[in-house]
Amino acid sequence: MRETFYITTPIYYPSNKFTLGNCYTTVICDSIARFNKKLGKDVFFLTGTDEHGQKIAKVASEHGLSEKKYLDEIVEDSKNLWAILDVEYDKFIRTTDEQHVKAVQKIFSKLYQDGYIYKSSYSGLYCVPCESFWTESQLVDGRCPDCHREVINQKEEAYFFKLSMFADKLLNLYKEHPEFLKPDSRVNEMVQNFIVPGLNDLCVSRTSVKWGVEVPFDKNHTIYVWLDALLNYLTALGYMSEDDSLFKKYWPANVHIMGKEIVRFHAIIWPSILMALKLPLPKQIFGHGWLLFGGDKLSKSKETKIKEVLDPRVLIELYGVDAVRYILLREIPFGSDGVYTTERFLSRYNFDLANDFGNLVSRSFSMLKKYFNGTVPQKKSENEDDKKLILDVSNCAKLAKESMENFDVSKAISEIFNIFKLGNKYIEVSMPWVLNSNNDERLQTVLFNLINLISTGCKLLNPFLTKSTKIVLDAIGETEFNFENIEKISTIEAGRVVENVPVLFPRLDIQKEMEKLSKIANENN
Ligand code: MSP
(Lines give C-alpha, C1' and ligand atoms only; values in the text may rest on other atoms or scores of the structure.)
Protein backbone atom coordinates (compact mmCIF):
# COMPACT_ATOMS: atom_id res chain seq x y z
CA MET A 1 0.00 0.00 0.00
CA ARG A 2 1.23 3.47 -0.87
CA GLU A 3 1.90 5.93 1.93
CA THR A 4 -1.06 8.28 2.28
CA PHE A 5 -0.80 12.05 2.51
CA TYR A 6 -3.81 14.12 3.60
CA ILE A 7 -3.41 17.89 3.29
CA THR A 8 -5.96 20.63 3.88
CA THR A 9 -6.41 24.34 3.34
CA PRO A 10 -8.58 26.24 5.78
CA ILE A 11 -12.11 26.46 4.47
CA TYR A 12 -12.62 29.97 3.18
CA TYR A 13 -15.27 32.46 4.08
CA PRO A 14 -17.16 32.71 0.82
CA SER A 15 -16.36 35.80 -1.11
CA ASN A 16 -16.24 36.44 -4.81
CA LYS A 17 -13.31 38.72 -4.21
CA PHE A 18 -10.66 36.27 -3.16
CA THR A 19 -7.44 38.16 -2.81
CA LEU A 20 -3.93 37.10 -3.64
CA GLY A 21 -3.64 36.41 0.10
CA ASN A 22 -6.33 33.71 0.10
CA CYS A 23 -4.85 32.32 -3.09
CA TYR A 24 -1.55 31.95 -1.27
CA THR A 25 -2.82 29.28 1.15
CA THR A 26 -4.50 27.34 -1.63
CA VAL A 27 -1.64 27.50 -4.12
CA ILE A 28 0.90 26.50 -1.50
CA CYS A 29 -1.24 23.47 -0.55
CA ASP A 30 -1.75 22.59 -4.20
CA SER A 31 1.99 22.63 -4.77
CA ILE A 32 2.70 20.51 -1.71
CA ALA A 33 -0.01 18.06 -2.76
CA ARG A 34 1.38 17.81 -6.30
CA PHE A 35 4.92 17.42 -5.01
CA ASN A 36 3.92 14.58 -2.72
CA LYS A 37 2.09 12.85 -5.57
CA LYS A 38 5.34 12.94 -7.52
CA LEU A 39 7.04 11.41 -4.50
CA GLY A 40 4.70 8.47 -5.04
CA LYS A 41 2.29 9.11 -2.19
CA ASP A 42 -1.47 8.57 -2.25
CA VAL A 43 -2.53 12.19 -1.74
CA PHE A 44 -5.88 13.60 -0.66
CA PHE A 45 -6.11 17.38 -0.92
CA LEU A 46 -9.10 19.09 0.67
CA THR A 47 -10.36 22.63 0.35
CA GLY A 48 -13.76 24.26 0.66
CA THR A 49 -15.91 26.99 2.10
CA ASP A 50 -16.96 28.00 5.61
CA GLU A 51 -20.54 29.05 5.01
CA HIS A 52 -22.30 29.56 8.31
CA GLY A 53 -22.52 32.49 10.68
CA GLN A 54 -24.03 35.88 11.19
CA LYS A 55 -21.65 37.57 8.81
CA ILE A 56 -22.73 35.45 5.83
CA ALA A 57 -26.42 35.92 6.63
CA LYS A 58 -25.85 39.67 6.77
CA VAL A 59 -23.99 39.87 3.46
CA ALA A 60 -26.56 37.68 1.73
CA SER A 61 -29.41 39.89 2.85
CA GLU A 62 -27.48 42.97 1.76
CA HIS A 63 -27.42 41.39 -1.69
CA GLY A 64 -31.15 40.72 -1.43
CA LEU A 65 -30.57 36.99 -1.73
CA SER A 66 -31.25 33.94 0.38
CA GLU A 67 -28.14 32.58 2.05
CA LYS A 68 -28.15 29.50 -0.15
CA LYS A 69 -28.53 31.41 -3.40
CA TYR A 70 -25.83 33.87 -2.45
CA LEU A 71 -23.48 31.10 -1.41
CA ASP A 72 -24.06 28.91 -4.48
CA GLU A 73 -22.97 31.71 -6.78
CA ILE A 74 -19.89 32.51 -4.76
CA VAL A 75 -18.89 28.89 -4.45
CA GLU A 76 -19.09 28.50 -8.23
CA ASP A 77 -17.00 31.59 -8.58
CA SER A 78 -14.35 30.40 -6.17
CA LYS A 79 -14.19 26.96 -7.79
CA ASN A 80 -13.68 28.77 -11.04
CA LEU A 81 -10.81 30.77 -9.56
CA TRP A 82 -9.13 27.61 -8.30
CA ALA A 83 -9.49 26.14 -11.79
CA ILE A 84 -7.90 29.23 -13.34
CA LEU A 85 -5.10 28.95 -10.79
CA ASP A 86 -4.65 25.31 -11.81
CA VAL A 87 -5.44 24.06 -8.32
CA GLU A 88 -6.18 20.34 -8.30
CA TYR A 89 -8.07 19.45 -5.13
CA ASP A 90 -9.59 16.05 -4.42
CA LYS A 91 -12.60 17.37 -2.57
CA PHE A 92 -14.32 20.69 -2.12
CA ILE A 93 -16.36 20.68 1.07
CA ARG A 94 -19.08 23.18 1.90
CA THR A 95 -20.21 23.44 5.50
CA THR A 96 -23.76 23.59 4.15
CA ASP A 97 -23.36 20.09 2.62
CA GLU A 98 -25.94 17.77 4.12
CA GLN A 99 -23.37 15.14 5.00
CA HIS A 100 -21.30 17.70 6.88
CA VAL A 101 -24.27 19.15 8.77
CA LYS A 102 -25.48 15.72 9.88
CA ALA A 103 -22.03 14.63 10.99
CA VAL A 104 -21.45 17.87 12.91
CA GLN A 105 -24.71 17.29 14.78
CA LYS A 106 -23.74 13.73 15.61
CA ILE A 107 -20.34 14.84 16.85
CA PHE A 108 -21.88 17.58 18.99
CA SER A 109 -24.28 15.08 20.54
CA LYS A 110 -21.47 12.63 21.19
CA LEU A 111 -19.37 15.26 22.93
CA TYR A 112 -22.42 16.21 25.02
CA GLN A 113 -23.19 12.63 25.94
CA ASP A 114 -19.57 11.99 26.84
CA GLY A 115 -19.57 15.00 29.16
CA TYR A 116 -17.23 17.24 27.18
CA ILE A 117 -20.02 19.70 26.37
CA TYR A 118 -22.32 21.16 29.04
CA LYS A 119 -24.96 23.88 29.21
CA SER A 120 -24.40 27.19 30.99
CA SER A 121 -24.59 30.87 30.14
CA TYR A 122 -22.08 33.19 28.64
CA SER A 123 -21.44 36.85 28.80
CA GLY A 124 -18.45 38.33 27.13
CA LEU A 125 -16.91 40.66 24.63
CA TYR A 126 -17.83 39.60 21.15
CA CYS A 127 -16.56 40.67 17.76
CA VAL A 128 -19.40 40.26 15.30
CA PRO A 129 -17.38 40.23 12.05
CA CYS A 130 -14.86 37.72 13.43
CA GLU A 131 -17.49 35.75 15.35
CA SER A 132 -15.08 35.51 18.25
CA PHE A 133 -15.40 36.10 21.95
CA TRP A 134 -12.43 37.83 23.52
CA THR A 135 -11.29 38.42 27.06
CA GLU A 136 -10.55 41.95 28.22
CA SER A 137 -6.81 41.25 28.22
CA GLN A 138 -6.84 40.00 24.64
CA LEU A 139 -8.29 43.23 23.25
CA VAL A 140 -5.94 45.69 21.59
CA ASP A 141 -6.82 49.28 22.46
CA GLY A 142 -10.21 48.00 23.55
CA ARG A 143 -10.84 46.52 20.13
CA CYS A 144 -10.80 43.10 18.46
CA PRO A 145 -7.17 42.01 18.18
CA ASP A 146 -7.81 40.46 14.75
CA CYS A 147 -9.78 43.08 12.84
CA HIS A 148 -9.44 46.09 15.16
CA ARG A 149 -13.17 46.73 15.20
CA GLU A 150 -15.31 47.44 18.22
CA VAL A 151 -16.48 44.53 20.35
CA ILE A 152 -19.87 44.31 22.03
CA ASN A 153 -21.07 42.88 25.33
CA GLN A 154 -23.06 39.78 24.67
CA LYS A 155 -24.80 37.46 27.15
CA GLU A 156 -26.56 34.29 26.22
CA GLU A 157 -27.45 30.81 27.32
CA ALA A 158 -24.92 28.55 25.73
CA TYR A 159 -23.23 25.20 25.55
CA PHE A 160 -19.59 24.97 26.50
CA PHE A 161 -16.81 22.66 25.52
CA LYS A 162 -14.48 21.75 28.39
CA LEU A 163 -11.41 23.25 26.79
CA SER A 164 -9.84 24.09 30.15
CA MET A 165 -9.25 20.43 30.94
CA PHE A 166 -6.92 20.11 27.96
CA ALA A 167 -4.30 22.71 28.91
CA ASP A 168 -1.79 20.20 30.28
CA LYS A 169 -2.44 17.76 27.51
CA LEU A 170 -1.70 20.50 24.97
CA LEU A 171 1.52 21.49 26.70
CA ASN A 172 2.56 17.85 26.67
CA LEU A 173 1.66 17.53 23.04
CA TYR A 174 3.84 20.51 22.04
CA LYS A 175 6.68 19.18 24.18
CA GLU A 176 6.58 15.57 23.13
CA HIS A 177 5.79 16.25 19.49
CA PRO A 178 7.76 19.33 18.48
CA GLU A 179 6.79 18.55 14.89
CA PHE A 180 3.08 19.07 15.71
CA LEU A 181 3.11 22.84 15.40
CA LYS A 182 5.36 24.55 12.89
CA PRO A 183 7.22 26.81 12.48
CA ASP A 184 8.60 26.54 16.02
CA SER A 185 7.91 30.19 16.86
CA ARG A 186 4.16 29.45 16.82
CA VAL A 187 4.49 27.13 19.82
CA ASN A 188 5.68 29.92 22.03
CA GLU A 189 2.86 32.15 20.80
CA MET A 190 0.27 29.55 21.75
CA VAL A 191 1.77 28.80 25.13
CA GLN A 192 2.42 32.39 26.19
CA ASN A 193 -0.66 34.06 24.74
CA PHE A 194 -3.31 31.45 25.35
CA ILE A 195 -2.32 28.59 27.61
CA VAL A 196 -0.29 30.37 30.31
CA PRO A 197 -3.00 33.05 30.89
CA GLY A 198 -5.40 30.13 31.43
CA LEU A 199 -7.66 28.30 29.01
CA ASN A 200 -11.34 28.99 29.53
CA ASP A 201 -14.02 26.56 28.48
CA LEU A 202 -15.13 27.36 24.98
CA CYS A 203 -18.58 28.59 24.17
CA VAL A 204 -19.72 26.32 21.33
CA SER A 205 -23.29 27.38 20.67
CA ARG A 206 -25.14 30.58 19.93
CA THR A 207 -28.75 31.59 20.24
CA SER A 208 -28.08 34.87 18.46
CA VAL A 209 -26.90 33.23 15.24
CA LYS A 210 -29.64 31.75 13.11
CA TRP A 211 -27.66 30.79 10.03
CA GLY A 212 -25.83 27.79 11.40
CA VAL A 213 -26.03 24.10 12.23
CA GLU A 214 -28.73 23.51 14.83
CA VAL A 215 -27.83 21.82 18.10
CA PRO A 216 -29.80 18.62 17.45
CA PHE A 217 -31.28 18.35 20.94
CA ASP A 218 -31.86 22.07 21.58
CA LYS A 219 -33.08 23.85 18.45
CA ASN A 220 -32.75 27.37 19.85
CA HIS A 221 -29.03 27.03 19.54
CA THR A 222 -26.76 26.86 16.56
CA ILE A 223 -23.29 25.38 16.75
CA TYR A 224 -20.39 27.82 17.00
CA VAL A 225 -19.08 28.37 13.48
CA TRP A 226 -15.50 27.61 14.38
CA LEU A 227 -16.46 24.20 15.75
CA ASP A 228 -18.61 23.58 12.67
CA ALA A 229 -15.72 24.70 10.44
CA LEU A 230 -12.92 22.73 12.10
CA LEU A 231 -14.94 19.54 11.88
CA ASN A 232 -14.82 19.77 8.08
CA TYR A 233 -11.43 18.07 8.17
CA LEU A 234 -13.18 14.95 9.48
CA THR A 235 -16.56 15.14 7.80
CA ALA A 236 -15.02 15.61 4.35
CA LEU A 237 -13.66 12.09 4.73
CA GLY A 238 -17.06 10.72 5.68
CA TYR A 239 -16.47 10.56 9.43
CA MET A 240 -19.81 9.80 11.14
CA SER A 241 -21.47 9.03 7.83
CA GLU A 242 -22.56 5.79 6.17
CA ASP A 243 -19.36 5.55 4.22
CA ASP A 244 -16.27 6.39 6.23
CA SER A 245 -13.78 4.55 4.04
CA LEU A 246 -11.89 7.74 3.19
CA PHE A 247 -11.68 8.58 6.87
CA LYS A 248 -10.23 5.16 7.60
CA LYS A 249 -7.77 5.56 4.80
CA TYR A 250 -6.54 9.13 5.22
CA TRP A 251 -7.03 10.19 8.84
CA PRO A 252 -5.01 11.56 10.63
CA ALA A 253 -4.14 14.45 8.35
CA ASN A 254 -0.49 14.87 7.54
CA VAL A 255 -0.79 18.63 7.61
CA HIS A 256 -3.35 21.37 8.06
CA ILE A 257 -1.97 24.51 6.46
CA MET A 258 -3.25 27.96 7.34
CA GLY A 259 -2.31 31.59 7.92
CA LYS A 260 -0.83 32.45 11.28
CA GLU A 261 -3.89 34.35 12.53
CA ILE A 262 -5.96 31.18 12.71
CA VAL A 263 -3.31 28.90 14.17
CA ARG A 264 -4.82 29.25 17.65
CA PHE A 265 -8.03 27.57 16.52
CA HIS A 266 -6.08 24.72 14.97
CA ALA A 267 -3.40 24.25 17.60
CA ILE A 268 -5.57 24.62 20.70
CA ILE A 269 -9.24 23.97 20.02
CA TRP A 270 -8.83 21.38 17.30
CA PRO A 271 -6.52 18.92 19.07
CA SER A 272 -8.65 19.24 22.22
CA ILE A 273 -11.77 18.29 20.31
CA LEU A 274 -9.99 15.39 18.68
CA MET A 275 -8.73 14.21 22.06
CA ALA A 276 -12.28 14.40 23.39
CA LEU A 277 -13.41 12.31 20.40
CA LYS A 278 -10.51 9.94 21.09
CA LEU A 279 -9.24 10.35 17.57
CA PRO A 280 -5.61 10.51 16.45
CA LEU A 281 -4.26 14.04 16.05
CA PRO A 282 -3.07 15.55 12.78
CA LYS A 283 0.64 15.12 12.34
CA GLN A 284 1.25 18.80 11.77
CA ILE A 285 -0.33 22.23 11.96
CA PHE A 286 1.58 24.64 9.79
CA GLY A 287 0.99 28.37 10.22
CA HIS A 288 2.35 30.34 7.30
CA GLY A 289 3.09 34.05 7.31
CA TRP A 290 1.14 36.69 5.45
CA LEU A 291 1.57 38.25 2.12
CA LEU A 292 1.66 41.91 3.05
CA PHE A 293 0.39 44.63 0.84
CA GLY A 294 1.74 48.01 1.79
CA GLY A 295 2.57 46.66 5.23
CA ASP A 296 -0.79 45.17 6.17
CA LYS A 297 -2.44 41.85 5.58
CA LEU A 298 -5.02 42.10 2.89
CA SER A 299 -8.13 40.83 4.51
CA LYS A 300 -11.63 41.00 3.20
CA SER A 301 -12.92 42.51 6.40
CA LYS A 302 -10.55 45.44 6.13
CA GLU A 303 -10.52 48.39 3.80
CA THR A 304 -7.42 48.65 1.75
CA LYS A 305 -6.35 51.83 0.14
CA ILE A 306 -3.46 50.47 -1.83
CA LYS A 307 -3.60 51.21 -5.50
CA GLU A 308 -2.29 47.92 -6.74
CA VAL A 309 -3.93 45.24 -8.80
CA LEU A 310 -4.50 42.48 -6.28
CA ASP A 311 -7.18 40.63 -8.19
CA PRO A 312 -5.56 37.33 -9.17
CA ARG A 313 -7.77 37.01 -12.25
CA VAL A 314 -6.53 40.26 -13.75
CA LEU A 315 -2.90 39.33 -13.15
CA ILE A 316 -3.42 35.85 -14.58
CA GLU A 317 -5.07 37.27 -17.66
CA LEU A 318 -2.15 39.61 -18.26
CA TYR A 319 0.86 37.54 -17.23
CA GLY A 320 -0.28 33.92 -17.06
CA VAL A 321 -1.09 31.63 -14.19
CA ASP A 322 2.51 30.56 -13.60
CA ALA A 323 3.62 34.12 -12.98
CA VAL A 324 0.98 34.50 -10.28
CA ARG A 325 1.69 31.11 -8.72
CA TYR A 326 5.38 31.99 -8.77
CA ILE A 327 5.11 35.26 -6.90
CA LEU A 328 2.86 33.67 -4.28
CA LEU A 329 5.09 30.68 -3.73
CA ARG A 330 8.35 32.56 -3.83
CA GLU A 331 7.68 35.75 -1.94
CA ILE A 332 6.84 34.49 1.57
CA PRO A 333 9.98 33.15 3.23
CA PHE A 334 9.60 30.17 5.52
CA GLY A 335 7.51 31.07 8.53
CA SER A 336 7.63 34.83 8.08
CA ASP A 337 5.75 37.43 6.09
CA GLY A 338 6.48 38.53 2.56
CA VAL A 339 5.74 41.83 0.93
CA TYR A 340 3.89 42.09 -2.35
CA THR A 341 4.31 45.01 -4.64
CA THR A 342 3.55 45.28 -8.32
CA GLU A 343 7.13 46.22 -9.00
CA ARG A 344 8.42 43.14 -7.21
CA PHE A 345 5.99 40.96 -9.13
CA LEU A 346 7.11 42.39 -12.45
CA SER A 347 10.79 42.26 -11.71
CA ARG A 348 10.59 38.68 -10.47
CA TYR A 349 8.77 37.93 -13.70
CA ASN A 350 11.57 39.42 -15.78
CA PHE A 351 14.58 38.26 -13.78
CA ASP A 352 13.52 34.83 -12.62
CA LEU A 353 10.94 33.66 -15.10
CA ALA A 354 11.94 35.36 -18.34
CA ASN A 355 15.73 35.39 -17.81
CA ASP A 356 16.75 32.52 -15.60
CA PHE A 357 14.15 30.01 -16.70
CA GLY A 358 12.62 31.05 -20.04
CA ASN A 359 15.82 32.23 -21.59
CA LEU A 360 17.73 29.11 -20.58
CA VAL A 361 15.12 26.99 -22.30
CA SER A 362 15.03 29.01 -25.51
CA ARG A 363 18.82 29.32 -25.77
CA SER A 364 19.35 25.63 -25.18
CA PHE A 365 16.56 24.48 -27.45
CA SER A 366 17.63 26.73 -30.28
CA MET A 367 21.24 25.52 -30.04
CA LEU A 368 19.99 21.96 -30.09
CA LYS A 369 18.01 22.77 -33.20
CA LYS A 370 20.86 24.62 -34.86
CA TYR A 371 23.68 22.18 -34.12
CA PHE A 372 21.88 18.85 -33.92
CA ASN A 373 18.63 19.45 -35.74
CA GLY A 374 16.71 19.11 -32.49
CA THR A 375 18.00 15.64 -31.62
CA VAL A 376 19.67 15.06 -28.25
CA PRO A 377 23.29 14.13 -29.01
CA GLN A 378 25.38 11.37 -27.49
CA LYS A 379 27.27 12.41 -24.42
CA LYS A 380 31.05 12.18 -24.91
CA SER A 381 33.88 12.47 -22.41
CA GLU A 382 33.23 14.59 -19.31
CA ASN A 383 35.57 17.28 -18.03
CA GLU A 384 35.69 18.78 -14.53
CA ASP A 385 33.06 21.41 -15.38
CA ASP A 386 30.60 18.75 -16.45
CA LYS A 387 31.18 16.65 -13.38
CA LYS A 388 30.76 19.64 -11.14
CA LEU A 389 27.59 20.69 -12.95
CA ILE A 390 25.99 17.30 -12.46
CA LEU A 391 26.97 17.24 -8.82
CA ASP A 392 25.67 20.75 -8.22
CA VAL A 393 22.36 20.11 -9.97
CA SER A 394 21.93 16.91 -8.05
CA ASN A 395 22.64 18.76 -4.85
CA CYS A 396 20.03 21.43 -5.63
CA ALA A 397 17.48 18.69 -6.36
CA LYS A 398 18.25 17.07 -3.03
CA LEU A 399 17.91 20.38 -1.19
CA ALA A 400 14.62 21.11 -2.95
CA LYS A 401 13.27 17.73 -1.86
CA GLU A 402 14.47 18.24 1.70
CA SER A 403 12.93 21.70 1.87
CA MET A 404 9.59 20.25 0.83
CA GLU A 405 9.70 17.81 3.73
CA ASN A 406 9.45 20.89 5.93
CA PHE A 407 6.92 22.57 3.62
CA ASP A 408 9.50 25.27 2.95
CA VAL A 409 8.18 26.01 -0.49
CA SER A 410 10.02 29.25 -1.04
CA LYS A 411 13.39 27.58 -0.34
CA ALA A 412 12.50 24.62 -2.57
CA ILE A 413 11.71 26.92 -5.46
CA SER A 414 14.84 28.92 -4.97
CA GLU A 415 16.90 25.69 -5.11
CA ILE A 416 15.15 24.72 -8.34
CA PHE A 417 15.91 28.12 -9.80
CA ASN A 418 19.52 27.59 -8.79
CA ILE A 419 19.47 24.68 -11.22
CA PHE A 420 18.51 27.05 -14.02
CA LYS A 421 21.17 29.51 -12.90
CA LEU A 422 23.73 26.72 -13.06
CA GLY A 423 22.56 26.00 -16.59
CA ASN A 424 23.00 29.61 -17.66
CA LYS A 425 26.45 29.77 -16.12
CA TYR A 426 27.39 26.51 -17.81
CA ILE A 427 26.47 27.99 -21.18
CA GLU A 428 28.61 31.07 -20.50
CA VAL A 429 31.59 28.98 -19.45
CA SER A 430 31.39 26.34 -22.15
CA MET A 431 30.51 28.77 -24.97
CA PRO A 432 28.84 26.27 -27.31
CA TRP A 433 28.95 28.78 -30.20
CA VAL A 434 32.75 28.61 -30.16
CA LEU A 435 32.76 24.86 -29.74
CA ASN A 436 30.71 24.38 -32.82
CA SER A 437 33.57 25.31 -35.12
CA ASN A 438 36.33 23.31 -33.51
CA ASN A 439 35.10 20.74 -31.02
CA ASP A 440 32.06 18.71 -31.93
CA GLU A 441 32.46 16.18 -29.16
CA ARG A 442 32.51 18.78 -26.46
CA LEU A 443 29.44 20.39 -27.97
CA GLN A 444 27.63 17.07 -27.80
CA THR A 445 28.33 16.70 -24.09
CA VAL A 446 27.35 20.30 -23.34
CA LEU A 447 23.99 20.05 -25.06
CA PHE A 448 23.30 16.63 -23.62
CA ASN A 449 23.90 18.02 -20.15
CA LEU A 450 21.83 21.14 -20.79
CA ILE A 451 18.77 19.22 -21.93
CA ASN A 452 19.04 16.92 -18.94
CA LEU A 453 19.46 19.86 -16.61
CA ILE A 454 16.38 21.55 -18.05
CA SER A 455 14.42 18.36 -17.80
CA THR A 456 15.37 17.86 -14.15
CA GLY A 457 14.62 21.49 -13.26
CA CYS A 458 11.25 21.43 -15.03
CA LYS A 459 10.19 18.18 -13.40
CA LEU A 460 10.99 19.53 -9.96
CA LEU A 461 9.31 22.82 -10.77
CA ASN A 462 6.20 21.21 -12.21
CA PRO A 463 4.21 21.04 -8.92
CA PHE A 464 4.70 24.80 -8.58
CA LEU A 465 4.60 26.18 -12.13
CA THR A 466 2.32 23.69 -13.76
CA LYS A 467 1.81 25.18 -17.22
CA SER A 468 5.17 26.34 -18.45
CA THR A 469 7.00 23.26 -17.19
CA LYS A 470 4.48 21.04 -18.91
CA ILE A 471 5.13 22.79 -22.22
CA VAL A 472 8.85 22.12 -21.87
CA LEU A 473 8.48 18.56 -20.61
CA ASP A 474 6.03 17.73 -23.42
CA ALA A 475 8.54 19.08 -25.92
CA ILE A 476 11.26 16.90 -24.44
CA GLY A 477 8.93 13.92 -24.35
CA GLU A 478 8.99 13.55 -20.57
CA THR A 479 5.29 13.36 -19.83
CA GLU A 480 5.32 10.62 -17.19
CA PHE A 481 7.74 11.11 -14.35
CA ASN A 482 8.14 10.97 -10.61
CA PHE A 483 10.70 12.14 -8.09
CA GLU A 484 12.06 8.78 -7.11
CA ASN A 485 15.49 9.21 -8.64
CA ILE A 486 15.30 12.84 -9.54
CA GLU A 487 18.78 13.56 -8.15
CA LYS A 488 20.31 11.34 -10.85
CA ILE A 489 19.85 13.96 -13.45
CA SER A 490 20.54 12.04 -16.66
CA THR A 491 17.37 10.42 -17.84
CA ILE A 492 17.06 11.68 -21.39
CA GLU A 493 18.88 9.50 -23.83
CA ALA A 494 20.63 10.45 -27.02
CA GLY A 495 18.43 10.32 -30.10
CA ARG A 496 15.36 11.88 -28.47
CA VAL A 497 13.87 14.54 -30.72
CA VAL A 498 13.00 17.76 -28.89
CA GLU A 499 10.21 19.93 -30.25
CA ASN A 500 10.35 23.70 -30.38
CA VAL A 501 8.59 25.64 -27.65
CA PRO A 502 7.15 29.15 -27.79
CA VAL A 503 8.72 31.87 -25.65
CA LEU A 504 7.58 30.91 -22.16
CA PHE A 505 7.68 34.32 -20.50
CA PRO A 506 7.99 37.21 -22.94
CA ARG A 507 10.13 39.95 -21.39
CA LEU A 508 8.22 42.89 -20.01
CA ASP A 509 8.90 46.59 -20.12
CA ILE A 510 8.51 47.08 -16.37
CA GLN A 511 7.82 50.80 -16.53
CA LYS A 512 5.10 50.32 -19.11
CA GLU A 513 3.48 47.48 -17.19
CA MET A 514 3.56 49.46 -13.95
CA GLU A 515 1.67 52.24 -15.67
CA LYS A 516 -0.82 49.80 -17.14
CA LEU A 517 -1.48 48.15 -13.78
CA SER A 518 -1.73 51.39 -11.92
CA LYS A 519 -4.35 52.55 -14.44
CA ILE A 520 -6.34 49.34 -13.95
CA ALA A 521 -6.07 49.69 -10.17
CA ASN A 522 -7.33 53.25 -10.29
CA GLU A 523 -10.26 52.30 -12.48
CA ASN A 524 -11.23 49.48 -10.10
CA ASN A 525 -10.84 51.40 -6.85
N1 MSP B 1 -12.99 30.39 7.58
C2 MSP B 1 -11.78 30.56 8.29
C3 MSP B 1 -11.00 29.27 8.33
C4 MSP B 1 -11.70 28.08 8.92
S5 MSP B 1 -10.72 26.66 8.81
C6 MSP B 1 -11.45 25.50 9.72
C7 MSP B 1 -10.93 31.66 7.63
N8 MSP B 1 -11.20 31.96 6.37
S9 MSP B 1 -10.51 33.13 5.54
O10 MSP B 1 -11.16 33.13 4.26
O11 MSP B 1 -10.56 34.36 6.26
O12 MSP B 1 -9.00 32.82 5.40
C13 MSP B 1 -8.53 31.68 4.76
C14 MSP B 1 -7.04 31.70 4.58
O15 MSP B 1 -6.61 32.79 3.79
C16 MSP B 1 -6.26 31.78 5.90
O17 MSP B 1 -5.25 30.79 5.90
C18 MSP B 1 -5.64 33.15 5.82
O19 MSP B 1 -4.45 33.24 6.54
C20 MSP B 1 -5.41 33.28 4.33
N21 MSP B 1 -5.10 34.65 3.97
C22 MSP B 1 -5.96 35.69 3.75
N23 MSP B 1 -5.23 36.81 3.49
C24 MSP B 1 -3.89 36.50 3.56
C25 MSP B 1 -2.72 37.16 3.22
N26 MSP B 1 -2.70 38.43 2.88
N27 MSP B 1 -1.55 36.44 3.20
C28 MSP B 1 -1.53 35.08 3.40
N29 MSP B 1 -2.64 34.43 3.70
C30 MSP B 1 -3.78 35.15 4.09
O31 MSP B 1 -10.07 32.18 8.30
Side-chain angles (χ1 to χ4, degrees), residues 7-30 46-56 59 71 74-75 77-78 81-82 85 87 92-96 100 104 127 129-132 146-147 186 212-213 223-236 253 255-271 273-274 282 285-302 304 306 308 310-312 324 327-341 407 409-410:
I7 178 171
T8 66
T9 70
I11 45 173
Y12 296 90
Y13 294 126
S15 159
N16 51 6
K17 291 219 164 48
F18 275 156
T19 64
L20 279 175
N22 301 113
C23 295
Y24 173 72
T25 316
T26 308
V27 170
I28 206 170
C29 289
D30 179 59
L46 173 71
T47 192
T49 37
D50 185 358
E51 305 188 4
H52 289 126
Q54 217 159 311
K55 208 162 34 175
I56 303 291
V59 182
L71 288 164
I74 296 205
V75 166
D77 207 60
S78 76
L81 175 62
W82 300 147
L85 269 166
V87 169
F92 189 105
I93 187 168
R94 302 179 56 176
T95 53
T96 50
H100 172 80
V104 168
C127 173
C130 293
E131 318 207 13
S132 297
D146 270 358
C147 76
R186 310 267 180 249
V213 179
I223 295 171
Y224 174 42
V225 276
W226 264 102
L227 178 59
D228 165 14
L230 286 164
L231 291 173
N232 93 88
Y233 302 131
L234 292 176
T235 63
V255 64
H256 296 306
I257 296 199
M258 76 223 55
K260 59 184 178 181
E261 82 284 11
I262 55 173
V263 165
R264 69 187 179 100
F265 297 96
H266 289 82
I268 294 180
I269 301 176
W270 186 224
I273 290 167
L274 290 167
I285 304 293
F286 186 92
H288 64 69
W290 289 334
L291 197 55
L292 300 175
F293 305 87
D296 204 353
K297 178 171 89 92
L298 186 78
S299 125
K300 295 183 296 292
S301 54
K302 246 182 278 171
T304 132
I306 311 132
E308 303 217 62
L310 302 175
D311 180 345
V324 173
I327 193 76
L328 291 175
L329 294 167
R330 183 66 195 260
E331 212 52 62
I332 303 193
F334 187 55
S336 40
D337 297 340
V339 176
Y340 177 90
T341 64
F407 309 124
V409 172
S410 158

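In what follows, residues are counted from 1 in the order of the sequence shown. Counting starts at 1 for both ligands and their atoms, following the listed order.
Not a single donor-acceptor pair under 3.5 Å links the side chain of D337 to the backbone N or O of L291. Without hydrogens or angle criteria, T49 side chain to I11 main chain gives no donor-acceptor distance under 3.5 Å. A donor-acceptor pair under 3.5 Å links the side-chain atoms of Y12 to the main chain of T26, judged by distance alone. Within the 3.5 Å criterion, the main-chain N or O of P129 finds a donor-acceptor partner in the side chain of K55.
When the options G338, A229, G259 are ranked by their closest heavy atom to atom 17 (O) of ligand 1, first place goes to G259. Heavy-atom proximity to atom 15 (O) of ligand 1, evaluated over L230, N22, V225, is greatest for N22.
Each of the atoms 1 (N), 2 (C), 4 (C) of ligand 1 lies under 4.0 Å from some heavy atom of D50.
Checked by distance only, ligand 1 and E261 come closer than 3.5 Å through their nitrogen or oxygen atoms. Polar contact check, N232 against ligand 1: no nitrogen or oxygen pair lies under 3.5 Å apart. Not one N or O of M258 is nearer than 3.5 Å to an N or O of ligand 1, by distance alone. On a distance-only criterion, I262 and ligand 1 share no N/O pair closer than 3.5 Å. For Y13, a nitrogen or oxygen atom sits less than 3.5 Å from a nitrogen or oxygen atom of ligand 1, counting backbone and side chain alike.
Here D228 pairs with nothing under the salt bridge (Lys or Arg N to Asp or Glu O under 4.0 Å) rule; sequence neighbours left out. Qualifying ring pair (Phe, Tyr, Trp, His ring centres under 6.0 Å) partners for H100, counting only residues two or more places apart in sequence or in other chains: none.
In this structure, H288 is part of the shell of residues with a heavy atom less than 4.0 angstrom from ligand 1. The closest approach between F265 and ligand 1 stays at or above 4.0 Å for every heavy atom of the residue.
Only the side chain of F293 comes within contact range of ligand 1, with a heavy atom under 4.0 Å; no backbone atom does. The part of T25 lying near ligand 1 is the side chain, judged by heavy-atom distances below 4.0 Å.
Between the side chains of Y24 and T19, no donor N or O sits under 3.5 Å from an acceptor N or O.
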TODO: Check the pair W82 / F18 against ring-ring contact (aromatic ring centres under 6.0 Å, His included), numbers first and verdict last.
DONE: CA-CA 10 Å; W82 300 147; F18 275 156; 5.4 Å; yes
